[in-house]
Structure formats: structure tokens, C-alpha cells
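Computed over heavy atoms, backbone and side chain alike; hydrogens, waters and symmetry mates excluded. Each chain gets a letter, A, B and so on, in the order its sequence line appears, and its residues count up from 1.
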2 protein chains.
Amino acid sequence: MASASIDPNREPNPVEAFEADEGFPGKKAAEIAGITYRQLDYWARTDLVKPSLARAHGSGSRRRYSYRDLLELRAVKSLLDAGIRLELVREVFAYLTEHLDEDVTRVNLVIQGSSVMVRTGEEEIVDLLRRGQGVLNILPLAGVKEEVDAAIVELYPEGRRAADETPSARAVGE
Amino acid sequence: MASASIDPNREPNPVEAFEADEGFPGKKAAEIAGITYRQLDYWARTDLVKPSLARAHGSGSRRRYSYRDLLELRAVKSLLDAGIRLELVREVFAYLTEHLDEDVTRVNLVIQGSSVMVRTGEEEIVDLLRRGQGVLNILPLAGVKEEVDAAIVELYPEGRRAADETPSARAVGE
DNA sequence: CAGTGGAACTACAGCCCTGTGACTCCGCAC
DNA sequence: GTGCGGAGTCACAGGGCTGTAGTTCCACTG
């Protein structure tokens, strides 16, 4: 709701400030995504979601997750919470990592058997439903983004160098 | 759509003949459902899908599955194939066993988080989609029935005492 | 009615996956 | 340098099977 204006020369929001600064360290990434640190660690080791700003290089080093990584982490969590096996989640993300651009906001992730799609309209989904082959799994990515943003604001209200407080729903286009 | 006519004085189809006779023994049930015998056994032991005509009572005894049991087995398999964890499947069936009447044919099974629903129209599903909270899993039960019928006809064409050879459901689909 | 063969259930060990706990280790900021 | 916090390691647990070697019961034969 509210003031998520698409101002071309707006201030960087907390998310961007964070990222520009240094990204999110493992522990915070886990908190924001709502998972345990051990899961985050396990997923990183097993190549499910790796920190894209800086990978670990031995004990004592620090992983650094980008905002997009957070979205992925949270999406994984959502799928898991919905009772989907990590095995399938891995397949999904193998695809997703390549095909997901920045248009996260109005899109549904649709999984049908072993094929993954990114669908915008309800029409298309109804169509899939009608020709119903097997189970459909549908994850609205908009919700994922909202959750991540909310978690960031709640856990780390001032970003890093303060910046814009509005939760940045980033709006339509992209 | 099509020829699954509800003819009041039709012959019993192979399915009904089978069941009236003695139901389906474990091994055949597994074949028809498209699962391994070990899975069937495991599910029976852990109370996921139990043979409703006769449960095992020691080595040498025989489980006897009803046609409806076959539908459940196949539905479980579909859910599993779709990457859903057995844990969730158990929850689903706890509900389903009570709320699934005989109208299996035009219904979608909708799972959202921990709540399970049986929905007929696309409207309702679109609505759920629109207010999208979390992941939706949708399984068209019609397909399940078709698959079971097809499997029975293919694997055991003569039912038991012959009976009606016409593939009951299928026809048009395909 | 006893004997027998085989189908089908049972027991049990073992495998893989997904974590979790409890340490240990070590890079980096100070 | 040194200490802190986060990465690494290892052992182990629980779920969900699978494979295999028993056990039984049941139907059929004689």
C-alpha cells in the first residue's frame, strides 16, 4: 500500500543501501529469509542458493548475499513450507536462476511435473488447469518479495546508511 | 466429458467385477497404481492408504484393496510425482478420506499451506490465485480416475468374470 | 485330509537426503 | 597480534524407501 512511487531519481531504499554497502552476511540472510543458519549453510554447500556477492573461502571468511539471493532463499522456504520436497525445489531453481529477471513482482511461478514456468496472467493458469495434466504448484512471487522487504524493515530498519524507509514495492513495469 | 454415461442398466465394468469378486491383492494394486510393492507395503504399515477390504494379518495373508483404494494410491503417487512430501500427503489424505464422496470425476483437490479443499469450479481457484497466499497445489482428480481405469484395462483386461470390456471412462480424452 | 508350491506379507539391514548440534578452525577488523 | 563471529567438519537422527531373506497361509493335488 501507500507511497511506493516510481520516482526515477529516488533515494536508494534500505535494501539497495545494504547491498551497495556489503550485502547480507549469512546470519542476517537466514533471519530475513526465515530459515535456520544451518539450512542456509547446507543450501550453500549443496549449491541450492549460493551467496552471489561473496562465497565462503574457508573458516573465518564471510558469505555475502545479495537482495536477489534473499528472494530466492525466501522462495525456497515458501515452497518447503508448502510441503514441496527440496529435490523438486532444486530443479525449480536450476531453471529459475536463469530465467528470472527483475520482474519478480507480478508473476506466478508455476510448476507442473518437471516443468517450471513463469506465468503472469490467470488466464494461462486456468488454461493449464482445464487441460489438467498432473499436479500444478503455484507460487505467487509478489508475496515473496513483500515478505522479504517486510522482514528487512523489521529486522534492520535503517538499512545501513539510513536512506529511504519506504518498503519499495517497486511497482509494475520492469 | 463424453461417454462416461451413467446408464442405469449397464453391465458391470471390469472394475466392479473385480471388486465384487475379491478386490485387488497388494501386488496388483501396486501395479495399477504405478507404485512399487514396497511403497504400497510401507504406506499400508504406516497408515497412509490401507486396504479396506482386508488388511494383512501376518505373513501369508493377503491384503485386498477396493477400487477406491486404488484411486487413493494413485492420487498419492500423483502428489509425490509432483514433488510433494509424503508428510503433506498424509495430512491431505486424513482430510480426503472423510470428505471425498463418489463425485471424484470433476473435482480438483486444492492444497494451500495446511488446508485442503475440494473445489469444482475454476472460478474459485482463480479467486484463490488472485488473493494468493503462499503456494497452491492443485490436483485434478478426474485424471486420477482415468489413469486407474486405463491401468486396470491394460493390465487386467478381463476383469474377473469377463464383464463389460468398454473402457468405461476414457474414450474421448487421449 | 495331508502334502506341497508359491504368492504375499514380515523383519531387518542399509542407503540417501535433509538437516541439527557441537565443536573446531580461522580471516578480518581493530 | 588477538579475539570474535561466522565457516567447516563430523557424527548422528528421522523419514522414506529398497532388497532380501524369511514366514505363512491358502489353494490345489492326490
Enquirer: Tabulated below should be each protein N or O lying under 3.5 Å from an N or O of nucleotides 22-26 of chain C; please produce it.
Expert:
{"residue": "dA22(C)", "atom": "N6", "partner": "R38(A)", "partner atom": "NH2", "Å": "3.3"}

Enquirer: Does Y37(B) place a side-chain N or O at less than 4.0 Å from the phosphate oxygens OP1/OP2 of dC9(C)?
Expert: yes
Enquirer: D69(B) side chain to S66(B) main-chain N or O, any donor-acceptor pair under 3.5 Å?
Expert: yes
Enquirer: Rounded to the nearest Å, what distance is computed from the NZ atom of residue K77(A) to the P atom of nucleotide dG19(C)?
Expert: 11 Å
Enquirer: What is the distance, rounded to the nearest whole Å, between atom OH of Y65(B) and atom C1' of dA8(C)?
Expert: 11 Å
Enquirer: Counting just side-chain N and O atoms, does R62(A) come under 4.0 Å of either OP1 or OP2 of dG27(C)?
Expert: no
Enquirer: Indicate yes or no for a side-chain donor-acceptor contact from E147(A) to the backbone of V144(A) under 3.5 Å, with no hydrogens or angles considered.
Expert: no
Enquirer: Tabulate atom names and distances for all N/O pairs under 3.5 angstrom spanning the protein and nucleotides 16-18 of chain C.
Expert:
{"residue": "dT18(C)", "atom": "OP1", "partner": "E87(A)", "partner atom": "N", "Å": "3.4"}
{"residue": "dT18(C)", "atom": "OP2", "partner": "R90(A)", "partner atom": "NH2", "Å": "3.3"}

Enquirer: Round to the nearest Å and state the distance from D41(B) atom CG to dG16(D) atom C1'.
Expert: 13 Å
Enquirer: Applying side chain to side chain donor-acceptor pair (under 3.5 Å), can you list everything that pairs with R85(B), at least two apart in sequence or on another chain?
Expert: E87(B)
Enquirer: Considering non-hydrogen atoms only, spot the tightest contact between R74(B) and V148(B) and give its length.
Expert: CB-CG2, 3.6 Å
Enquirer: Do any side-chain nitrogens or oxygens of H57(B) fall under 4.0 Å of OP1 or OP2 in dA8(C)?
Expert: no
Enquirer: Is there a donor in the side chain of Y67(B) and an acceptor in the side chain of K145(B), or the other way round, less than 3.5 Å apart?
Expert: yes
Enquirer: Under 3.5 Å, side chain of S61(A) to main-chain N/O of G58(A), donor-acceptor pair present?
Expert: yes
Enquirer: Round to a whole Å and report the spacing from CG of L40(A) to P of dG19(C).
Expert: 12 Å
Enquirer: Specify the separation, in whole Å, of atom CZ of R63(B) and atom P of dA7(C).
Expert: 17 Å
Enquirer: How close or far is atom C1' of dG19(C) from atom CZ of R45(A), stated in whole angstroms?
Expert: 13 Å
Enquirer: Have R90(A) and T46(A) got a donor and an acceptor in their side chains that come within less than 3.5 Å?
Expert: yes
Enquirer: May I ask you to decide whether R68(B) forms a salt bridge with E72(B), counting only side-chain N to carboxylate O separations under 4.0 Å?
Expert: yes
Enquirer: Report which part of the nucleic acid T46(A) touches: base, sugar-phosphate, or nothing (heavy-atom distance under 4.0 Å, all strands).
Expert: nothing
Enquirer: CE of M117(B) to CG of L136(B): how many Å apart, nearest 0.5 Å?
Expert: 7.0 Å
Enquirer: Check whether any side-chain nitrogen or oxygen of R64(A) sits under 4.0 Å from OP1 or OP2 of dG6(D), and answer yes or no.
Expert: no
